[in-house]
Amino acid sequence: MNMTNLKGPLWDLVHNAAISAALSDRILRACSVHEFPAQTYLQHVADEAGGMWGLSEGALAVEFAPGTRDPQKGYLLLPPVWVGEGGVVSGVRRMVGLSTTRRSVLLHLPAQHFASIARDEPLIWKWVSKEQNKNFERALGMVDALMVRNSEARVAAVLLQLGGRLGSQANAPRVLDITQADLATIANLSRTVLNKALRSLASKGAIELGYSTITVADPAALRTSSG
C-alpha cells in the first residue's frame, strides 16, 4: 500500500507527546503498511519474537494459552493500538496470538528497524514503554472486570473492556466482533446465564445484539450496569 497516501490517517497512531515529531516520522517511515482480510493470523502463541503491529483500521482478536490449555480468544482490540512490544523490548516468544476479525489496516515495525532507530534515538524506548503501559492498563481492566461477582454486572464490565479503548475513547459506541459463545467463555459464564444478562442489557438500550456481533450502543448505561 502507498505510505504517502496513508500517512495522514496513520500519523496519529505513531505520534506521541513523549517524542518529537521528527522521531514519530522516522518510526512511521520504518514501518510497512499491510491490509488484511478478516480471519487472518498475524502471529500465534509461542511464535518467535518479531516486530510491533499498529492497528489503524479494523479489529483484532487476542488469544491466550494459559497453562497447558489450547489458545482461546480472550480479548478484542480496536484502533488505535500497538501490540507486540514484548518482541522488540525483550525478544521473548509471542505470549499472545493475534488475528483480524474484519478487514484491517496495520503498520508493521520490524524488530531490526526498531533496534536501528534505538541506537541513536533513545527516546524511542519512552514511546514503546508508553504503548506497553497502555496494554498493561487494558489487561488490568479485564482482570478487574472478571472479578465482578454479579453475573449481569460482570458481563457489562467485560463488554466495557473489550475493544481496549482508553480515556475519552472508552466512552465511544463500538461494534465488537464476538459471538455469544466466545463471550461466555471470556466472562466464565454459562450460555444460559449469559443470554439472560445480554437480554437485560439490551432491554436497557446499553447494547444491541447482532449476528456474531455485539454493539456497545450506550457505554454510560453499560457502565451503570457494571456496578
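Q39 places no side-chain N or O within 3.5 Å of a backbone atom of S99 that could act as its donor or acceptor partner. When atom types are taken as modelled, the side chain of T40 and the backbone of F36 share no donor-acceptor pair closer than 3.5 angstrom. With hydrogens and angles ignored, the 3.5 Å screen pairs no side-chain donor or acceptor of S225 with any backbone N or O of A156.
Tested against I124 for a side-chain contact (heavy atoms from CB on, under 4.5 Å), the candidates I117, I19, V88 yield a single pass: I117. Considering T215, L176, L198, D218 as possible partners of I207, the one that fulfils the side-chain contact (heavy atoms from CB on, under 4.5 Å) test is L198.
Note: W127 and W82 have perpendicular aromatic rings, judged against thresholds of 30 and 60 degrees for the angle between ring planes.
The salt bridge (Lys or Arg N to Asp or Glu O under 4.0 Å) search around K130 returns none, not counting sequence neighbours.
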Test log, rule salt bridge (Lys or Arg N to Asp or Glu O under 4.0 Å), inputs E48 and R94: CA-CA 6 Å; E48 293 289 342; R94 301 297 196 182; over 6 Å; no
Carefully, step by step, assess K134 and E131 under the rule salt bridge (Lys or Arg N to Asp or Glu O under 4.0 Å). CA-CA 5 Å; K134 291 176 186 176; E131 298 304 328; 3.5 Å; yes
Let me see the working for L189 and R154 under side chain to side chain contact (heavy atoms under 4.5 Å, CB included), right down to the final yes or no. CA-CA 9 Å; L189 294 170; R154 188 193 308 171; 3.5 Å; yes
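Side-chain contact check for T185 and D182: no donor-acceptor pair (N or O, by modelled atom type) lies under 3.5 Å. Using modelled atom types and a 3.5 Å distance limit, the side chains of R223 and N171 yield a donor-acceptor pair.
Following chains of ILVMFWY side-chain contacts shorter than 4.5 Å, one can reach V128 starting from L109, so the two form part of one hydrophobic cluster.
Annotation for P79 and S56: closest pair CB-O, 3.4 Å, computed over non-hydrogen atoms. Shortest non-hydrogen contact noted between V33 and L107 is CG2-CD2, 3.7 Å.
To the nearest 0.5 Å, atom CG of residue L160 and atom CG of residue D144 are 11.0 Å apart. In this structure, the separation between CG on N133 and CZ on R138 is 11.0 Å, given to the nearest 0.5 Å. Taken from CG in L194 to CG in N188, the straight-line distance is 11.5 Å, to the nearest 0.5 Å.
Here K204 pairs with E152 in a salt bridge; the nearest charged N to carboxylate O distance falls below 4.0 Å.
At most 12 non-hydrogen atoms from other residues, nucleotides or ligands lie less than 6.0 angstrom from NZ of K196.
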